[in-house]
Amino acid sequence: MTNRSYYTSPKGKLKIPFNQWDLIILVLFFGILAALVWGAQQMTAPYELGEQIPILLSPKMLPGYAISTIIRMLIALFFSLVFTFTIATLAAKSHRAERFILPFIDIMQSVPVLGFLSISILAFIYLFPGSQLGPECAAIFAIFTSQAWNMALSFYQSLRTVPKDLNEAADMFRLSPWQRFWRLEVPFATPGLIWNTMMSLSSGWFFVVASEAISVNNQHITLPGIGSYIYTATIQSNYQAIIWALLTMFLVIIIYDQLVFRPLVAWSEKFKIESNPETYAETWFLNLLQRAKLIHHLIFILKNLLTLIKIPAFFSNNTNTISPRIRQAFILTNSMFWQSILFIGICGALILLARFIYISLTLSEVLTVFGLGLITALKITIMVIICSLIWVPFGIWVGLRPKMATFVQLIAQIFAAFPANLVYPVLYMIIITHDLNVQVWTAPLIILGTQWYILFNVVAGASSMPQDLHLVAQNYGLKGWLWWRKLVLPAIFPYYITGAMTAVGGSWNASIIAEVVNWGNHSIHSTGLGSYITQYTTVGDFPRIALGIAVMSIYVIMINRFVWQKLYDLAEERFQIGPL
C-alpha cells in the first residue's frame, strides 16, 4: 500500500498552526465557496411558466453560465452517490431486491432524458411556483438520470465480486455486516467507483443541452448554463459562440480533473488489493493538501468520525436467538409477500399502460413502433461491437500502464463530455453535400458519448489486476493469445460487462439526440425509436410518448434478461475468485 506524506513537523520550538500551503488552500476554498453561493442565489430567481429567460451569447457570460451548470451537475452527483450507496448495496445484498432493482436500473438508464423531463418539469414547476427553482430541479433530476445508473451498476458489480479470501478474513475477524460494508466492501469498490464517477460526470455534459434547454409539452425553457448557451448558438448557427462554449467546457473539465479526480485516483491506490509504489500517480494538488497543516487536523477529525460510523450500531452477529425453523418460515413468508406485491404492481401498471395506449392508438402503429425499436437495437448492437473491438485492447494497454492512465483519463473525460449536437453541423454538411445514407452516417452518434463507459471500466479492471497474477503469467511463459485468453480477458471481464451494459443503456437514451440532426432551421431524421420519441415529446403527445418509452423498456428488459444477466452470472462463476 502506498501512503506518501509530504508534511513534516518543524524542528523549531515555535509551532505555527498553519503554513503558506494552508493559505493557498483557504484561497481556493473560499473562492469556490463564493462561486457556489452566487450560483445558488441565481437558481432561486423569480420565474413564471411561459417566461423566456434570455441567453446571451457574449463570451463574458460564460463564466457565470459555467458555474450554474457545475452546480447542477454537483447536486445531481451527490444524489447519485446516495442512490449508489443505498440502492446498489440493497441489490447486492438481497437476492429478492436484486430481481426488482436491476431491471429497474436497466429500464431507467434507457428511458430518454426528454421522457423524464416531460413528466417532471410541470411537477417541479407546480411544486415551486413563482421560482426558477422548479425548472432547476427538473434539470438536476434529468442530469441525475444520466449519472446514477452507471455508478450504481459499478458499485453493485464490485460488491458481488469481492474475493473469497477477503470475505474469509472478514469472517475470521467477526466483522458485523455494518463493519464489513465500511471496512471491506466500500474500500474494495472505491477504485472502480471513482472511475465510473468520472464517466458519469462526463455523461452529464453529454445531456446537459437537453437538460438546460427544455423543449417538452409545447413549453420551451432555457436555464442559464453552458448547455443552453450551446443550444442557442446552434439555433443561430453561431460558430464563434460554439467555439467559446467548447473552450469554456474544456477548461472546466480540466479544473475539476486537477482538483478532484486526479487526487482521488491517486488516493484510491491504497484500496487496491496490491499497490505497486512504482506506479503511484502524484498530483500537484494532492501534494499541496499533504503539505498543509490544517488539512492534517481536518483528516484527524474525519478519521474519528469514520471510526464512529464503522461501529456496528444496528447489527449484531448473535443470530442464535431465533430457531432455524422460525427463521426459515419468516424468510419464506416475507419472500412470498414481496413477490406478490411486485407481481400485482407490474400487472396493474401493464394493464393501465395498455388501456391508455389502446384508447389513443391503433394496433398497426404499435407494431410499427416495435419495428422502429428493432432498427435502433440493431444500430446499438453494431456500434457496441465495433467500439468494444477498439476500446477493450486500448483500455487494457492503458490500465497496465498507470502513468499513461493519468493522461488518458483527462483526454477521455474531455471527449466523453463532448456534446453530440456540436457534431451536427459537420455531419449535416457531409450528408447533404455527398448525398449519403442518413441511417448509416447518423448511427455513430448513438454511441458517441456512451462508448467511454467501455473504456473507463476496462481501464479500471486492468489497473486493478493483482501483481501476483502478472508474476504467475511470467513464470508460466504466457504470451500472445494465451496471455489474453487466460489472464487479461478473464480479469477485466466483469468490468467490461458493467461498461458494455451501461453503454447499451446509455445508447438507447442517446438515440433521442442522435436520430434527429438539427442545425439552424434544418433537420434530418433517421429511422428509429429515438426519432419517434423526440418527435412526439416536443409536441407533448403523451400516448405516443408512453408507447415509445414502453417499447424501449421492453427491448431493454429482454436484452438484459437474456444477455447481460447471463454474462454477469458467468463473470461470478468463472472469472472471479468468488462472489460475495
Side-chain angles (χ1 to χ4, degrees), residues 35-57 61-80 83 108 111-148 200-201 203-236 245 248-249 252 419 421 509 512-513 518 533-534 536-542 545 549:
L36 294 178
V37 170
W38 177 86
Q41 291 177 344
Q42 303 302 311
M43 295 174 66
T44 58
Y47 174 80
E48 296 294 339
L49 185 61
E51 178 183 349
Q52 188 66 32
I53 301 176
I55 303 298
L56 304 179
L57 296 184
M61 304 299 296
L62 280 171
Y65 290 162
I67 292 174
S68 298
T69 298
I70 284 296
I71 290 176
R72 297 184 190 107
M73 298 180 73
L74 290 179
I75 294 175
L77 188 64
F78 169 78
F79 285 106
S80 298
F83 179 87
M108 290 298 103
V111 174
V113 170
L114 293 180
F116 286 112
L117 285 173
S118 63
I119 299 172
S120 63
I121 182 64
L122 294 179
F124 281 115
I125 288 177
Y126 291 133
L127 186 62
F128 301 99
S131 174
Q132 189 177 312
L133 197 58
E136 291 283 356
C137 289
I140 292 170
F141 178 69
I143 297 173
F144 164 84
T145 61
S146 67
Q147 295 178 346
S200 293
L201 198 60
S203 177
W205 284 102
F206 185 78
F207 292 104
V208 77
V209 175
S211 302
E212 294 182 349
I214 304 171
S215 297
V216 296
N217 307 334
N218 292 317
Q219 295 290 335
H220 183 70
I221 302 173
T222 53
L223 297 173
I226 293 182
S228 56
Y229 186 96
I230 292 174
Y231 172 82
T232 305
T234 303
I235 293 298
Q236 298 181 11
T248 304
M249 187 179 68
V252 170
N421 59 342
N509 200 331
I512 64 171
I513 300 175
N518 295 311
I533 294 176
T534 302
Y536 291 106
T537 301
T538 304
V539 298
D541 191 333
F542 285 104
I545 295 173
I549 294 176

- Message: Over 60° means perpendicular and under 30° means parallel, so tell me whether F83 and F144 are parallel, tilted or perpendicular.
- Response: perpendicular
- Separation between CE (M73) and OG (S146), nearest 0.5 Å, reads 7.0 Å
- Task: Check A35 against I67 and note the closest heavy-atom contact, atom names and distance.
- Result: O-CG2, 3.3 Å
- Item | Sidechain-backbone polar pair: S228 side chain, L223 backbone, donor-acceptor under 3.5 Å | yes
- Message: So, taking the atom named CD1 in I55 and the one named OG1 in T222, what distance separates them when rounded to the nearest 0.5 Å?
- Response: 4.5 Å
- Message: Distance check, rounded to the nearest 0.5 Å: L74 atom CG versus S80 atom OG?
- Response: 11.0 Å
- Which pair of heavy atoms, one from A40 and one from I71, lies closest together, and at what distance? N-CD1, 3.7 Å
- Query: Hey, does V208 have a side-chain heavy atom less than 4.5 Å from the side chain of Y231?
  - Reply: no
- Query: Short question: side chain of Y229, backbone of P224 - any donor-acceptor pair under 3.5 Å?
  - Reply: no
- Task: Mind listing the closest non-hydrogen atom pair of A139 and S211 along with its distance?
- Result: CB-O, 3.3 Å
- Task: For residues I140 and M43, determine if any side-chain heavy atom of one lies less than 4.5 Å from a side-chain heavy atom of the other.
- Result: yes
- Query: What heavy-atom pair brings L62 and A245 nearest, and what distance separates the two atoms?
  - Reply: CD1-N, 4.0 Å
- Should the heavy atoms of other residues, nucleotides or ligands under 6.0 Å from CZ of F79 be counted, would the total exceed 12? no
- Query: Closest heavy-atom contact between I143 and R72?
  - Reply: CD1-CB, 4.0 Å
- T69 side chain to I226 main-chain N or O, any donor-acceptor pair under 3.5 Å? yes
- Are side-chain heavy atoms of Q132 and I53 found at a separation under 4.5 Å? yes
- Item | Over all atoms of both residues, closest heavy-atom pair of F128 and G134 | CB-N, 3.8 Å
